[in-house]
Amino acid sequence: MMTIVCHGDSLTEGSDLNKNYTWPRLRQSLYQDGRAEFAEASESLHPQAKGLAALAYMQGIRGQVESARLSALMRDLEIPLIPVLVSMEQAGIGVDLNAFSAFLDDVSAQLDELTRSIIAHAGEPFNIRSSQQLAAILFDKLDIKEGGKTATGQRSTANQVLEGIRGRHPIVEDILEYRMLEKLRSTYLEPLPKLVDEGSRLHTHFNQLATTTGRLSSSRPNLQNIPIRGKYGPRMRACFTAGPGNLLAAADYSQIELRVLAHFSKDPALLDAFRNDEDIHTRTAALLTDKPSRDVQPDERRNAKTINFGLIYGMGPQKLARELDITVNQAKEFTERYFEKLTTLKAYYDTIVKDAESNGFVTTLAGRHRLLPELHSRNNQMASQAKRQAVNTVIQGSAADIIKMAMVAAHKDKELAALGARVILQVHDELIVEAPEASISAAGERLKAIMQTTADLDVPLKVDLGIGKNWADAH
DNA sequence: CGAAGACCT
DNA sequence: CAGCCAGGTCTTCGA
């Protein structure tokens, strides 16, 4: 079920470790992320055996693990997580095939109509899915002024560009609509129903070794990128259901990354906001504008949200300027003002980078490491990117640690088991649990309690809970 | 197989 | 003067 890929190198069944993956490279990988040792173990075995096999495999390389000081992370988090993932993969999530089918019919009909309309506007048939052909139609034939270039210098036809030239020609609107519907058809509506089992359930593969930060990834099919926004997001999510007699509960960590940031940085403003359960974006806006929270305007809150979100990624003034539609200089002032108000936060950022530079790696809450050799690059752009990665990895990776701890705790929880509940999906800051109708409420509340108490931070962890027959209703 | 694009947190 | 924020998966095109 689970193909393990380690930093791009596939470990195939029966492969000789020394042949396909040299020891220095493995040690490096272990040291970096502490998750490589069950790669070999998981691969060739039935999923049920994955956990045990990983442990057995562990024995052979314990020395390496301990020398990397990663045994606790492995022993207490990653290895216990394996049977949890196996259970989630085997459980799968219910799919409403009739809803899928009706949805596909609607989308196909609209795509046919849009294709006719677009070809008519263009005056000649062409492949709408080809960005090259589309650019030729838009920018040469129809003489619309181009809106931007791709990384390789081509004239971009990306959504963001098309949004900007929306009013100039009716074809643009049709193409945006076409793109959205074509994505739904080709990625979700057509492939997914082919993958369901006899019980109409869909089983993903949770990959424990795919990311550099410690997050999981999901593939074949990816159930971590099911549409939720846009005109058809809710309808898409409503196609994912609980089994007969069951309901779903969705438990979302609220602002977990900013809470992690508050915990590590000890910034008084952030700590205070979360301890008083205030709206963090409104609070930031109030700080920036020197107003009481109740006087913050919607656009001021939106700007604060962008900056709060952006600082998890180490957003620069250019990007901020574009996001907020202000000049770069204004953005610089905005950022400066932000860090003047949150001086402890600024100091913490500097500390992460300084420690990373001297250690060569950053460390997350659970003791996961990420090596960042590019921090010492003479290339400024590379070094800057590594700095952003350092900050982001500590935050994103620690949030990943926390939800993994919650998953392990939930899996062994007697109360959830007694309620007939099982966790079936994880989407980075969200867990989906399925249980019989009569016990779903208790199961949701129990899961919520586990998620809120599994890690002890300097700020409370907040979890939003929703219950419903399908994934849309559970939000 | 890389580029472009679109979906997610 | 340009510089465009972190982590993923999947589909399609075109060489």
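Letters A, B, ... mirror the listed sequences (proteins, then strands); counts begin at 1. Here the structure is a predicted model, which means the values were calculated and not measured.
- A:H121 and A:E173 share no donor-acceptor pair across their side chains, judged by distance under 3.5 Å alone.
- Using a 4.0 Å cutoff on non-hydrogen atoms, the parts of residues 154-169 of chain A near DNA chain B are A:Q154, A:S156, A:T157, A:A158, A:N159, ordered by number.
- The interatomic distance linking A:Y349 (OH) with C:dC5 (P) rounds to 14 Å, in whole Å.
- Note: CG (A:L176) to P (B:dG5) measures 12 Å, nearest angstrom.
- Using a 4.0 Å heavy-atom criterion, one finds that A:Q385 contacts the sugar-phosphate atoms exclusively.
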Intermediate values then yes/no, salt bridge (charged side-chain N to carboxylate O under 4.0 Å, His left out), A:R215 and A:D429 | CA-CA 10 Å; A:R215 274 190 178 181; A:D429 63 358; over 6 Å; no
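- Salt bridge status for A:E113 with A:R116: present, with a side-chain N to carboxylate O gap under 4.0 Å.
- The residue A:Y188 sits close only to the backbone: its heavy atoms come under 4.0 Å of sugar-phosphate atoms, none of a base.
- For the side-chain hydrogen bond (donor to acceptor under 3.5 Å, both in side chains) with A:T213, the qualifying choice from A:R368, A:R370, A:Q396 is A:Q396, the only one to do so.
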Protein-proximity profile, nucleotides 8-15 of chain C, B/S/- by nucleotide at the 4.0 Å heavy-atom cutoff, equals BBBSSSS-
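- The 5' end of DNA chain C is approached more closely, in terms of each residue's nearest nucleotide, by A:Q381 than by the other of A:Q381 and A:T393.
- Between A:I395 atom CD1 and B:dT9 atom P there is a gap of 19 Å when expressed in whole angstrom units.
- When the C1' atom of B:dT9 is taken as reference, atom CD1 of A:I228 falls 10 Å away, rounded to whole Å.
- Between A:H428 atom NE2 and C:dG7 atom P the separation is 13 Å, expressed in whole Å.
- Heavy-atom distances to DNA chain C give each of A:I312 and A:V328 a nearest nucleotide, and the one nearer the 5′ end belongs to A:V328.
- In this structure, the CE atom of A:M236 is 11 Å from the C1' atom of B:dC7, given to the nearest Å.
- Inspection of the A:S156 and A:T150 side chains reveals no N or O donor paired with an N or O acceptor under 3.5 Å.
- Checked by atom type, the side-chain pair A:N207/A:S217 shows no donor-acceptor distance below 3.5 Å.
- Contact annotation: the side chain of A:D267 never approaches that of A:Y348 to less than 4.5 Å [non-hydrogen atoms, C-beta and beyond].
- Annotation: side chain of A:L270 is in contact with side chain of A:I280 (closest heavy-atom distance under 4.5 Å).
- As rounded to whole Å, 9 Å separates atom C1' of B:dC8 from atom CH2 of A:W471.
- Nucleic acid contact for A:Q389: sugar-phosphate only, since backbone atoms but no base atoms lie under 4.0 Å from a heavy atom of the residue.
- Between A:F103 and A:Y188, a ring centre-to-centre spacing not shorter than 6.0 Å is recorded.
- Counting non-hydrogen atoms under 4.0 angstrom, A:R179 reaches the backbone sugars and phosphates but no base.
- The interatomic distance linking A:M180 (CE) with B:dC8 (P) rounds to 12 Å, in whole Å.
- Within 4.0 Å of A:I226, counting heavy atoms only, lie sugar-phosphate atoms of the nucleic acid but no base atom.
- Distance alone, capped at 3.5 Å, is enough to place a donor-acceptor pair between the A:R259 side chain and the A:P460 backbone.
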